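Report on one structure; see the data block that follows.
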Amino acid sequence: MTDSKYFTTTKKGEIFELKAELNSDKKEKKKEAVKKVIASMTVGKDVSALFPDVVNCMQTDNLELKKLVYLYLMNYAKSQPDMAIMAVNTFVKDCEDPNPLIRALAVRTMGCIRVDKITEYLCEPLRKCLKDEDPYVRKTAAVCVAKLHDINAQLVEDQGFLDTLKDLISDSNPMVVANAVAALSEIAESHPNSNLLDLNPQSINKLLTALNECTEWGQIFILDCLANYTPRDDRESQSICERVTPRLSHANSAVVLSAVKVLMKFMEMLPKDLDYYGTLLKKLAPPLVTLLSAEPELQYVALRNINLIVQKRPEILKHEMKVFFVKYNDPIYVKLEKLDIMIRLASQANIAQVLAELKEYATEVDVDFVRKAVRAIGRCAIKVEQSAERCVSTLLDLIQTKVNYVVQEAIVVIKDIFRKYPNKYESVIATLCENLDSLDEPEARAAMIWIVGEYAERIDNADELLESFLEGFHDESTQVQLQLLTAIVKLFLKKPTETQELVQQVLSLATQDSDNPDLRDRGYIYWRLLSTDPVAAKEVVLAEKPLISEETDLIEPTLLEELICHIGTLASVYHKPPSAFVEGSRGVMHKRLPARTGSGEGTECPDVGNAAGGSAPEAAPSIIPSQGDLLGDLLNLDLAPPTTPAVLLPLLGGDIGGSPAMGAGFGAAPAVMPASLNAPVGGGLGDLFDLGGGVGMPMGAYIPPKTVWLPAMKAKGLEISGTFARRAGVIQMELVLTNKAMSVMTDFAIQFNRNSFGLAPAGPLQVLTPLGPNQTIEVSLPLSTVGPVMKMDPLNNLQVAVKNNIDVFYFSCQYPISMLFVEDGKMERQVFLATWKDIPNDNESQFQIQDCHLNSEAASNKLQGSNIFTIAKRTVEGQDMLYMSIKLSNGIWVLAELKVQAGNPNYTVSSGTRRDR
Amino acid sequence: MIGGLFIYNHKGEVLISRVYRDDIGRNAVDAFRVNVIHARQQVRSPVTNIARTSFFHVKRSNIWLAVVTKQNVNAAMVFEFLYKMCDVMASYFGKISEENIKNNFVLIYELLDEILDFGYPQNSETGSLKTFITQQGIKGQHQTKEEQSQITSQVTGQIGWRREGIKYRRNELFLDVLESVNLLMSPQGQVLSAHVSGRVVMKSYLSGMPECKFGMNDKIIIDKAGKGGVTNEAGKSTSGKQSIAIDDCTFNQCVRLSKFDSERSISFIPPDGEYELMRYRTTKDIILPFRVIPLVREVGRTKLEVKVVIKSNFKPSLLAQKIEVRIPTPLNTSGVQVICMKGKAKYKASENAIVWKIKRMAGMKESQISAEIELLPTNDKKKWARPPISMNFEVPFAPSGLKVRYLKVFESKLNYSDHDVIKWVRYIGRSGIYETRC
């Protein structure tokens with residue numbers, strides 16, 4: 001039989017013809033016609049007009065035809081709800097059919113028809129099918145509960161289907177158990193706080209038994225569900241691990257990865273000195289390696305997961321470097337991932353092999369891959385000191401190839417090597433200089449200029465080289481301009497006699513002809529330094545630079561922990577938490593690894609100190625959702641484009657001209673915080689500093705002055721003004737209600753619309769006595785941040801409804817972002833350092849605060865009052881750099897650097913949040 | 001879970017579109033076509049995120065299969081499912097091609113309805129699917145109640161891969177040990193990486209519900225037996241040196257994994273017909289059947305001299321077959337002259353390679369090819385990447401050294417014993433990615 005002919009009917013009047021055929025008496029003709037309809041539906045033609053005719057064909061004893069009609073119904077029932085009712089009778093009848101296949105088909109299809117009226121009729125048949133004698137019907141009915149829940153959650157709860165579903169976990173048939181687990185897991189996701197799955201040692205035992213018997217897919221459902229369980233102690237954890245490890249030999253990679261997830265998670269609870277812990281570590285390596293012989297798409301998923309696993313537990317795969325060597329025919333996505341893992345596994349023991357491989361890769365065809373390979377060589381040099389020399393000579397070889405992008409990439413990494421090992425490899429500079437002309441990428445140009453400036457005294461024609469860049473100064477990118485400015489100043493300080501003209505030229509270019517505030521500022525700083533105190537200038541500009549550290553681009557630890565809990569899933573492929581790419585409530589629940597527990601009494605545990613010490617910080621890890629959250633949820637942008645989060649802005653004010661994303665986020669500047677485009681104002685920070693009246697005043701969070709939110713004219717005599725404050729960790733909305741009408745007002749109530757940070761009243765509005773005419777009352781309303789979330793524009797906009805006995809009034813107001821800064825926003829130094837490096841340049845924004853007459857110390861104290869914590873302070877080139885962290889109530893971290901120069905009332909703030917790859 | 005599944009032809013026209021979840025709209029079909037199928041660049045990832053919707057795809061010849069979802073699904077499961085879907089379709093109607101898909105679209109819809117429910121994969125074993133989803137209409141009406149419940153219990157049951165009541169006049173089984181040996185060698189002859197990935201494929205024609213036990217020369221078992229059973233297996237314990245170290249193995253779902261984990265014994269009730277019993281990987285003591293010794297010399301800017309020697313490294317009594325050596329040539333090759341001692345060699349301009357074929361070659365022999373490659377002068381600065389020399393072959397032994405020790409069959413209910421079963425074992429070693437850099 002050739003069905004392809006159905007795809008070819010495209011002539012006019014087709015619908016009419018089909019209609020006639022559908023109503024034909026001949027069974028065969030009817031079936032043919034339905035097939036044509038389905039074919040048209042597949043290619044996207046609208047055949048909904050045929051609804052009644054197709055539904056008429058439903059009453060048939062031909063199962064194939066029936067299935068086709070059902071398929072049609074599922075597609076179009078929603079657009080024709082009234083007519084869909086016509087089908088109900090057949091469904092209900094089919095649910096009673098003696099053939100279990102037909103009963104299951106009916107209940108399966110009915111659940112896919114998203115029409116309210118039909119779902120009502122579905123309840124009774126579903127209830128019967130959940131208790132059907134045939135397992136095939138029961139397993140279908142189990143999934144149907146999830147379908148129904150998706151359409152009408154309340155109905156499912158009211159009808160008691162959830163309890164029946166829970167009972168199915170104890171069903172004798174493994175497939176019924178698996179489907180019930182899948183359905184319950186899905187339903188539980190949308191009720192994060194319900195104890196729906198109610199996992200306890202007994203139910204876990206049932207699941208583990210079913211695990212041995214059900215289909216490969218069922219095993220995945222069960223393992224994924226097990227991963228959500230937290231064992232009570234290390235013994236239970238071990239016994240579950242023991243029963244899960246056999247799954248590592250399953251032919252299905254998804255079963256293997258889900259088993260790895262369970263093991264990785266439960267391992268956290270095992271004491272490290274336990275023999276079993278070591279055994280388990282050893283058992284994990286071979287199956288992970290085997291995943292690499294799967295089809296390329298699965299390899300990709302596996303590699304993305306292995307990338308997480310080697311970051312969490314590098315010991316598992318440390319001897320398996322070779323399996324990550326790139327094969328010539330690997331698809332590019334596999335190659336890039338393997339390369340990433342190779343660098344992570346590189347160590348002194350295997351560095352020779354790795355380098356030989358990387359050199360081989362650097363001659364391949366794919367540009368991205370080659371670049372990454374070159375960059376990897378640089379990273380090896382920085383990571384493994386013993387190999388640095390070989391890495392440098394390899395890079396030099398590559399530069400000799402004169403392949404443009406290879407040369408540029410090599411120069412960028414050589415700059416990093418210089419920073420890591422100063423005064424060691426400068427002999428190569430001459431070779432680098434030969435390639436000056438071929439550099440056309442800003443990063444490479446900036447790197448080269450940095451090198452020339454840094455080693456100006458060893459390069460005879462440094463002035464000529466830099467001068468050649470100066471000609472097209474205004475066409476360069478900011479990165480190159482800044483670097484050029486610094487390099488020429490360095491050169492001048494080293495060779496003052498012959499370069500005076502050059503330095504004057506660059507200073508005037510930077511300060512007079514440039515629109516870029518950073519460039520101007522740096523220009524002025526240098527200028528003033530050079531004109532007032534050249535010795536100080538030397539100390540500042542030629543100061544010794546801190547060495548760069550070895551590990552870069554590690555995933556931030558709390559995110560890594562969360563991703564480990566999502567092994568095998570999309571989150572682990574994207575390296576983002578689910579909330580970054582899943583809409584609605586499903587992804588919001590954050591998973592985390594269990595804390596290590598000692599077993600029973602402390603005396604039993606041989607390593608008490610260690611166990612206790614280990615558990616303390618892990619006991620309550622604060623989950624830091626990555627910036628994906630902010631970008632995805634709040635700004636509602638796609639995953640790909642990097643944007644500049646602008647969370648700090650309302651507090652600190654300043655110049656927002658340069659950043660389009662900020663413009664979008666704060667199109668309308670908050671009323672209390674003036675922040676005008678291209679006109680830097682003291683803004684919020686100024687307010688912050690002024691309010692206290694000077695140093696030494698009691699510290700506290702910044703509270704903006706009250707403003708009128710709802711004028712009396714608009715609200716039948718009720719005037720509302722107010723502000724927001726954060727007191728003792730609680731966000732308060734402080735309202736002043738004034739009755740300017742003639743009659744008494746009573747029965748006040750308040751509600752918020754969904755907003756960006758989920759603000760919601762934590763209690764009712766406490767206006768106990770009626771408000772008489774011309775009376776005023778001050779009310780303080782505590783707020784919580786667990787309400788529903790919706791991105792607002794501007795971000796900090798809040799829509800409020802206030803009700804009294806007269807009417808309901810609406811107004812909107814804007815809250816200062818600072819009140820969302822939580823008290824535990826002090827990031828650990830190391831984490832800060834790693835995260836700071838992780839923030840891509842695009843995610844950083846800079847602006848200035850002018851006329852702020854506080855020294856860095858006072859500013860730091862001041863800001864701490866608003867939960868902006870100073871993590872570190874360092875003094876470079878005469879300015880104080882304060883590094884600060886802020887944590888928002890929804891867990892987003894913002895890092896900032898505040899540059900304060902003594903005697904200069906203008907501060908520079910760079911802030912950024914991290915975006916994940 | 002899986003929100004929908006689409007199948008497209010090479011032009012991006014939809015052949016099959018089945019949506020399981022309400023959050024997936026018709027526009028998803030177009031989004032994938034525009035952003036992936038019609039994308040100008042090479043595909044950079046099998047997982048694509050377009051406007052908060054994730055697409056997973058695999059390609060079979062020029063057919064695209066795409067799964068779409070808006071949730072945090074198990075990505076590994078999605079790909080496993082897509083491969084399984086391809087297997088199921090192939091076993092129903094052969095090659096996955098546009099024509100076959102169009103010809104069988106009703107069947108495909110029926111299958112998709114059965115093996116995915118609300119985006120959750122259900123039983124996808126062809127063995128049991130074929131009992132109630134058939135190409136020639138549905139048997140449904142003519143089945144007895146017993147038959148129906150037998151179908152449903154098999155589809156949902158513990159042994160979903162085998163139906164009861166199978167009968168053969170002659171009980172027979174075939175075991176194929178198929179290995180592919182992978183090598184990456186440096187120009188100096190140093191082994192950079194080598195591994196064997198092997199499969200044991202079984203064709204079983206056995207009556208009833210036979211209980212099988214499979215044994216091979218796994219080092220762990222042999223060592224265990226050597227230690228534990230000195231008295232009764234004293235003679236065999238010397239065979240220790242012939243045992244092999246298996247790095248890892250995975251099994252068909254019929255194998256009882258917990259039993260393998262505890263006793264390392266492989267026991268199972270096999271599916272009927274052909275299936276893959278296990279896969280394994282070894283990296284130690286691999287017999288590399290061939291060694292390739294390349295010599296490339298650049299003579300000026302317009303000429304290359306290539307000499308390649310291959311040496312066979314196995315018993316002289318065995319014969320390797322289908323030997324093919326592929327020597328890549330630069331893109332600006334204008335002409336090639338080849339001389340080879342054995343077989344036939346040809347320069348294939350379209351493939352940028354010299355292909356040297358030898359039908360048969362015995363063990364412990366060597367052969368040589370030399371070629372002169374004329375190059376067109378170019379001003380392309382980029383150097384030729386020198387892809388590795390690759391090799392294909394087939395040998396009648398297992399390069400890993402794996403040996404089947406036994407396959408015992410027990411069927412207590414029917415009256416045939418292990419001795420009555422006719423058993424065949426065959427070893428085939430093939431080249432996987434067998435490359436030598438030059």
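So you know, we letter chains A, B, ... as the sequences are listed, proteins then strands, and number each from 1. What you see is a predicted model; the values in this text were computed from it and never measured.
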(message) Please give me the minimum heavy-atom distance between A/Tyr361 and B/Arg437, naming the atom from each residue.
(response) CE2-NH2, 4.2 Å
(request) Using a cut-off of under 4.5 Å on heavy-atom pairs, state which of B/Val19, B/Val29, B/Asp248 scores highest against chain A. (result) B/Asp248
(request) Select one option (side chain, backbone, both, neither) describing which atoms of A/Pro98 are under 4.5 Å from chain B's heavy atoms. (result) backbone
(request) Among A/Glu297, A/Glu242, A/His250, A/Lys261, single out the residue with the greatest number of heavy-atom pairs under 4.5 Å to chain B. (result) A/Glu297
(message) Under the criterion side chain to side chain contact (heavy atoms under 4.5 Å, CB included), I'd like the reasoning laid out for A/Lys327 against B/Leu184: C-alpha separation, chi angles, the key distance, then a yes or no.
(response) CA-CA 8 Å; A/Lys327 297 193 185 110; B/Leu184 184 62; over 6 Å; no
(request) Measure distances from B/Asn72 to the heavy atoms of chain A and classify the residue's part below 4.5 Å as side chain, backbone, both or neither. (result) both
(request) Could you check if a side-chain atom of B/Phe79 sits within less than 4.5 angstrom of a side-chain atom of A/Glu295, using non-hydrogen atoms only? (result) no
(request) Please state whether the side chain, the backbone, both or neither of A/Phe221 comes within less than 4.5 Å of a heavy atom of chain B. (result) side chain
(message) Report which part of B/Ile433 has an atom under 4.5 Å of a heavy atom belonging to chain A: side chain, backbone, both, or neither.
(response) side chain
(message) Salt bridge or not between A/Glu360 and B/Arg386? Use side-chain N to carboxylate O under 4.0 Å.
(response) no
(message) Are A/Ile38 and B/Val106 packed together at the side-chain level, in the sense that at least one heavy-atom pair is separated by less than 4.5 angstrom?
(response) no
(message) For B/Leu192, which atoms come within 4.5 Å of any heavy atom of chain A: side chain, backbone, both, or neither?
(response) both
(request) Taking all heavy atoms of B/Glu80 and all of A/Ala254, pick out the closest pair and write down the distance. (result) CG-N, 3.9 Å
(message) Please classify the contact of B/His195 with chain A as side chain, backbone, both or neither, using a heavy-atom distance under 4.5 Å.
(response) side chain
(request) Go through the atoms of B/Tyr109 and report whether side chain, backbone, both or neither lie under 4.5 Å from a heavy atom of chain A. (result) side chain
(message) Is B/Ser124 close to chain A through its backbone or its side chain, or both, or neither, when contacts mean heavy atoms under 4.5 Å?
(response) both
(message) I need the minimum non-hydrogen distance between A/Ala251 and B/Asn252, along with the two atoms involved.
(response) CB-N, 4.3 Å
(message) For chain B, which candidate among A/Pro287, A/Pro296, A/Cys112 shows the most heavy-atom pairs at distances under 4.5 Å?
(response) A/Pro287
(message) To the nearest 0.5 Å, what is the distance between OG1 on B/Thr250 and CG on A/Leu248?
(response) 11.0 Å
(request) Tell me, for A/Val289 versus chain B, whether the close heavy atoms (under 4.5 Å) come from the side chain, the backbone, both or neither. (result) both
(message) Report which part of A/Phe325 has an atom under 4.5 Å of a heavy atom belonging to chain B: side chain, backbone, both, or neither.
(response) side chain
(request) Select one option (side chain, backbone, both, neither) describing which atoms of A/Asp134 are under 4.5 Å from chain B's heavy atoms. (result) side chain
(request) Examine whether an atom of A/Val43 lies under 4.5 Å from a heavy atom of chain B, and if so say whether it belongs to the side chain, the backbone or both; otherwise answer neither. (result) both
(request) Tell me, out of A/Gln353, A/Glu357, A/Met41, who's got the most heavy-atom pairs with chain B below 4.5 Å. (result) A/Glu357
(request) Taking the side chain as every heavy atom from C-beta outward, state whether B/Arg44 and A/Asp368 have any atom pair closer than 4.5 Å. (result) yes
(message) For A/Asn179, give me all partners under side-chain hydrogen bond (donor to acceptor under 3.5 Å, both in side chains), at least two apart in sequence or on another chain.
(response) B/Gln122
(message) Quick check on the interface: out of B/Lys70, B/Glu114, B/Met278, who has the most heavy-atom pairs with chain A under 4.5 Å?
(response) B/Glu114
(message) Donor-acceptor check, side chain of B/Gln253 to backbone of A/Thr215, threshold 3.5 angstrom: yes or no?
(response) no
(message) Ignoring hydrogens, what is the shortest heavy-atom contact between B/Ala76 and A/Val301? Give both atom names and the distance.
(response) N-CG1, 4.0 Å
(message) If you define the side chain from C-beta out and look only at heavy atoms, does anything of B/Ser54 sit under 4.5 Å from A/Tyr574?
(response) yes
(request) Start with the C-alpha distance between A/Val323 and B/Thr283, add both sets of side-chain angles, then the distance that settles side chain to side chain contact (heavy atoms under 4.5 Å, CB included), and finish with yes or no. (result) CA-CA 10 Å; A/Val323 298; B/Thr283 46; 6.0 Å; no
(request) Could you look at A/Ala302 and say if it's the side chain, the backbone, both or neither that has a heavy atom under 4.5 Å from chain B? (result) neither
(request) Measure B/Glu13 against the heavy atoms of chain A and call it side chain, backbone, both or neither at under 4.5 Å. (result) neither
(message) So for A/Thr140, is it side chain, backbone, both, or neither that comes closer than 4.5 Å to the heavy atoms of chain B?
(response) both
(message) Counting only non-hydrogen atoms closer than 4.5 Å, does A/Leu105 touch chain B with its backbone (N, CA, C, O), its side chain (CB onward), both, or neither?
(response) side chain
(message) Given heavy-atom pairs under 4.5 angstrom as the criterion, report whether the side chain, backbone, both or neither of B/Phe260 touches chain A.
(response) side chain
(request) Measure distances from A/Leu298 to the heavy atoms of chain B and classify the residue's part below 4.5 Å as side chain, backbone, both or neither. (result) both
(message) Can you list everything that forms a side chain to side chain contact (heavy atoms under 4.5 Å, CB included) with B/Asn35? Sequence neighbours excluded, please.
(response) B/Ala31, B/Ile50
(request) Can you tell which part of B/Phe6 gets under 4.5 Å to a heavy atom of chain A, answering side chain, backbone, both or neither? (result) neither
(message) Is any side-chain heavy atom of A/Glu189 closer than 4.5 Å to one of B/Gln71?
(response) no
(message) Can you tell me which portion of A/Asp366 sits under 4.5 Å from chain B's heavy atoms? Options are side chain, backbone, both or neither.
(response) side chain
(request) Measure distances from B/Arg18 to the heavy atoms of chain A and classify the residue's part below 4.5 Å as side chain, backbone, both or neither. (result) side chain
(request) Measure from the side-chain N and O atoms of B/Arg281 to the backbone N and O of A/Pro286, and report whether any donor-acceptor pair falls under 3.5 Å. (result) yes
(request) Answer with side chain, backbone, both or neither: which region of B/Lys259 has an atom nearer than 4.5 Å to a non-hydrogen atom of chain A? (result) neither
(message) What part of B/Asp113 gets within 4.5 angstrom of chain A, counting heavy atoms only: side chain, backbone, both, or neither?
(response) both
(message) Heavy-atom cut-off 4.5 Å, strictly under: side chain, backbone, both or neither for B/Phe56 against chain A?
(response) side chain
(request) Starting at CD1 of B/Ile115, measure out to CH2 of A/Trp217 and round the result to the nearest 0.5 Å. (result) 8.5 Å
(request) For residues A/Ile220 and B/Met77, report the shortest heavy-atom separation together with the two atoms involved. (result) CD1-CG, 3.6 Å
(request) Could you tell me which portion of A/Lys139 (side chain, backbone, both or neither) has an atom closer than 4.5 angstrom to a non-hydrogen atom of chain B? (result) side chain
(message) Need one label for A/Ala294: side chain, backbone, both or neither, based on atoms under 4.5 Å from any heavy atom in chain B.
(response) neither
(request) Tell me, for A/Arg243 versus chain B, whether the close heavy atoms (under 4.5 Å) come from the side chain, the backbone, both or neither. (result) neither
(message) Testing the basics here: between B/Ser17 and A/Thr42, what is the closest heavy-atom pair and its distance to 0.1 Å?
(response) N-CG2, 3.8 Å
